[in-house]
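Worksheet: one structure, shown below.
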Amino acid sequence: MSEPTRNMDDRVDAEIRSAVAVRNDLGATYDGAVAEGLVERIGEEIDRRIDARIGASGAQPPSAATPARDRDAVPEWVGRAWSTLAVAGVSTAGGIVVSFMLFVAFGYNAALPLMLIWFLVVCANVGHSLGRDLRGRR
């Protein structure tokens with residue numbers, strides 16, 4: 001075992017011993033806090049060891065990996081445009097179907113429900129558009 005690894009193991013052993021000693025001094029009421037502290041320190045040690053191995057091998061960490069591929073190079077507005085077209089198409093098709101059914105069922109007496117249906121179609125489209133635009137500003 002190399003000297004740095006032995007020093008890390010000694011430090012981890014010392015931390016475990018101190019956590020057990022603290023637990024014995026404080027009693028069972030602080031078991032959770034002592035365990036959380038110990039798990040956090042062990043996790044930090046594992047992270048340090050992984051970073052050291054990655055640094056020794058000369059590999060790049062995942063965050064510094066290669067840039068995005070061509071499929072990720074699509075402009076953002078294209079995705080928004082397709083989303084808007086989908087909502088507009090579905091809401092308009094739904095409005096047409098419901099309007100037809102109301103007109104067949106009630107004839108010209110369906111004017112008020114028809115206006116309500118198309119008002120809801122407009123609200124759905126405006127709501128989608130505003131929601132998309134406001135989400136992008138956060």
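The figures here come from the full heavy-atom set of this structure, side chains too, leaving out hydrogens, waters and symmetry mates.
Cluster partners of M115, using a side-chain heavy-atom cutoff of under 4.5 Å among ILVMFWY residues and allowing indirect links, are L112. Within the hydrophobic cluster formed by Ile, Leu, Val, Met, Phe, Trp and Tyr side chains joined at under 4.5 Å, directly or through other members, V87 stands alone, with no partner residue. In this structure, L102 shares a hydrophobic cluster with V98, F106, L114, I117, the cluster being traced through Ile, Leu, Val, Met, Phe, Trp and Tyr side chains under 4.5 angstrom apart.
Among residue pairs with one or both ends in residues 92-112, those qualifying as side-chain hydrogen bond (donor to acceptor under 3.5 Å, both in side chains) are S99-W118; sequence neighbours excluded.
The side chain to side chain contact (heavy atoms under 4.5 Å, CB included) check on V126 picks up V122, L130, with sequence neighbours excluded. Residues passing the side chain to side chain contact (heavy atoms under 4.5 Å, CB included) test with D51, sequence neighbours excluded: none. Listed by chain and number, the residues in a side chain to side chain contact (heavy atoms under 4.5 Å, CB included) with A124 amount to none (sequence neighbours excluded). With sequence neighbours left out, L120 forms a side chain to side chain contact (heavy atoms under 4.5 Å, CB included) with L116.
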